[in-house]
There are 2 protein chains.
Amino acid sequence: MALSHAILVCLTERPMSGYDLAKFFDTSIGFFWRATHPQIYREMKKLGEKGYVTSSEEIQSGKPNRIVYSISQAGRRALKEWSREPVGPPLIKDDLLVRLQAIEHVDRDALRQQICGRLKVHKEQLEQYFHIRDVRFSDGEPGPEDLGKLMGLELGIQYEQGWITWCESVLKRLG
Amino acid sequence: MALSHAILVCLTERPMSGYDLAKFFDTSIGFFWRATHPQIYREMKKLGEKGYVTSSEEIQSGKPNRIVYSISQAGRRALKEWSREPVGPPLIKDDLLVRLQAIEHVDRDALRQQICGRLKVHKEQLEQYFHIRDVRFSDGEPGPEDLGKLMGLELGIQYEQGWITWCESVLKRLG
DNA sequence: GGCAACATGTAACTTGTTACATGATTCC
DNA sequence: GGAATCATGTAACAAGTTACATGTTGCC
């Protein structure tokens with residue numbers, strides 16, 4: 001139910017192919033919602049049937065042709081209606097935290113390594129967010145179109161910084 | 001694959017019935033992993049077949065009988081093996097952040113209300129975490145058994161505080 | 001020659017959600 | 001009388017994952 005809307009949100013930015021969308025869900029919007037390519041291709045079919053997206057084949061030479069989807073007026077209306085529905089609670093699933101709950105029953109060395117790995121991931125993600133901020137939002141006030149994206153980015157930065165602090169403190173205490 | 005291990009983690013704390021587990025996934029461990037009761041009853045069957053849990057019926061007068069599950073030695077071994085496998089990235093899915101990405105295409109008033117609602121949820125969660133910390137971890141250094149839980153709690157506190165700060169700043173900017 | 005990126009899809013399977021189904025007790 | 005809590009489960013459906021399947025171009 002929500003994947004379809006997340007896709008429509010992506011398409012408000014620009015028309016995209018299934019492949020583009022898959023990459024988008026791996027980077028940009030991937031911080032808030034995940035999707036794999038089989039899911040996306042399956043969902044695009046449904047969105048087309050409902051008339052929320054229109055598609056057109058883009059002929060490329062050399063590379064395989066792309067099927068590019070655009071959001072329709074009906075799609076925009078559906079998006080606005082959805083935005084009035086109450087939001088669900090944020091869903092978090094984290095292996096690492098689950099393991100931490102049973103600290104006496106897991107492999108300590110493995111856990112330490114896993115936390116190190118996680119620390120690295122969060123540091124890299126933070127760097128990437130800083131880079132996006134500098135490139136995209138460096139010049140003063142963002143336009144109203146970009147305000148939401150900037151605020152999302154700020155949450156992401158804060159989130160990663162929190163994790164980094166936490167990982168470092170945990171690694172100290174685990175010895 | 002991971003739900004079964006999350007259940008085993010719960011059972012290292014104490015033996016529980018399906019009903020207990022469902023409540024546990026709604027509160028305590030629910031911050032890191034979610035599960036509904038049909039999922040739990042279905043999974044318990046599999047865990048029993050694999051010999052990772054043993055069950056016994058507890059006769060109650062008045063209330064319906066409880067089927068209480070305990071983790072077996074094989075279950076503990078499976079848990080330890082699992083703990084050596086690499087952790088996946090944390091999975092986040094958040095409706096609200098998705099909507100924020102398309103801020104120009106959603107209902108502003110609804111969004112403002114949804115953020116207010118979210119702020120309230122995070123404040124309540126934070127209060128609950130403080131309460132747990134005070135009740136369970138007030139007296140100095142925690143035992144090694146509880147260290148992981150305390151660290152998880154600290155992450156939760158930090159996480160909720162971050163959200164509260166962010167919501168307040170966003171509400172100001174949305175006017 | 002092999003690997004990565006581009007590009008689209010299907011099939012089989014596992015997870016997760018929602019609604020249905022039952023039935024006792026306690027509190028208002 | 002009605003709602004909430006305790007307690008277990010099933011059925012039908014929706015969502016998500018993994019592996020398979022194909023074929024090109026460009027780089028090392």
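Labels below follow one simple rule: chain letters A, B, ... track the order of the sequence lines, proteins then strands, and each chain is numbered from 1. FYI, side chains are in, hydrogens and waters are out, and symmetry mates aren't considered; it's all heavy atoms of this structure.
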Chemist: Just wondering, are more than 12 heavy atoms of other shown residues or ligands nearer than 6.0 Å to CD in Q113(B)?
Modeler: no
Chemist: In chain order, what residues pass the salt bridge (Lys or Arg N to Asp or Glu O under 4.0 Å) check against K149(A), with sequence neighbours excluded?
Modeler: E13(A)
Chemist: Where along residues 37-49 of chain B does a heavy atom fall under 4.0 Å from DNA chain C?
Modeler: P38(B), Q39(B), R42(B), K46(B)
Chemist: To the nearest angstrom, how far is D20(A) atom CG from dC6(C) atom P?
Modeler: 9 Å
Chemist: Check this for me, if you would: do D94(A) and R118(A) make a salt bridge, where the nitrogen-to-carboxylate-oxygen distance has to be below 4.0 angstrom?
Modeler: yes
Chemist: Measure the distance from CD on E58(B) to P on dC6(D) and round it to the nearest whole Å.
Modeler: 14 Å
Chemist: Separation of W33(B) atom CH2 from dT15(C) atom C1', in whole Å?
Modeler: 10 Å
Chemist: Thinking salt bridges, do K23(B) and D20(B) make one under a 4.0 Å N-O criterion?
Modeler: no
Chemist: What integer distance in Å separates L91(A):CG from dG16(D):C1'?
Modeler: 12 Å
Chemist: Find the distance L21(B):CG to dC6(D):C1' and express it as a whole number of Å.
Modeler: 15 Å
Chemist: Can you tell me if the side-chain N/O atoms of K93(A) get under 4.0 Å from OP1 or OP2 in dT15(C)?
Modeler: no
Chemist: For dT18(D), does OP1 or OP2 lie under 4.0 Å from any side-chain N or O of T36(A)?
Modeler: no
Chemist: Between D26(B) (CG) and dA4(D) (P), how many Å, whole number?
Modeler: 16 Å
Chemist: Both A2(A) and Y69(B) contact DNA chain D. Taking the nearest nucleotide for each, which residue is further toward the 5' end?
Modeler: Y69(B)
Chemist: With a 4.0 Å limit, can you tell me whether Y19(A) has a side-chain N or O closer than that to the phosphate oxygens OP1/OP2 of dT8(C)?
Modeler: no
Chemist: With under 30° as parallel and over 60° as perpendicular, where do the rings of H122(B) and Y159(B) fit, or are they tilted in between?
Modeler: perpendicular
Chemist: Quick check against the 3.5 Å criterion: does R99(A) have a side-chain atom that pairs as donor or acceptor with the backbone of S83(B)?
Modeler: yes
Chemist: Please determine if D146(B) and R136(B) form a salt bridge, counting it only when a charged side-chain N lies under 4.0 Å from a carboxylate O.
Modeler: yes
Chemist: Send over the distance from M16(B) CE to dA7(D) C1', rounded to a whole Å.
Modeler: 16 Å
Chemist: I need the CD1-C1' distance between I67(A) and dC6(C), as an integer number of Å.
Modeler: 14 Å
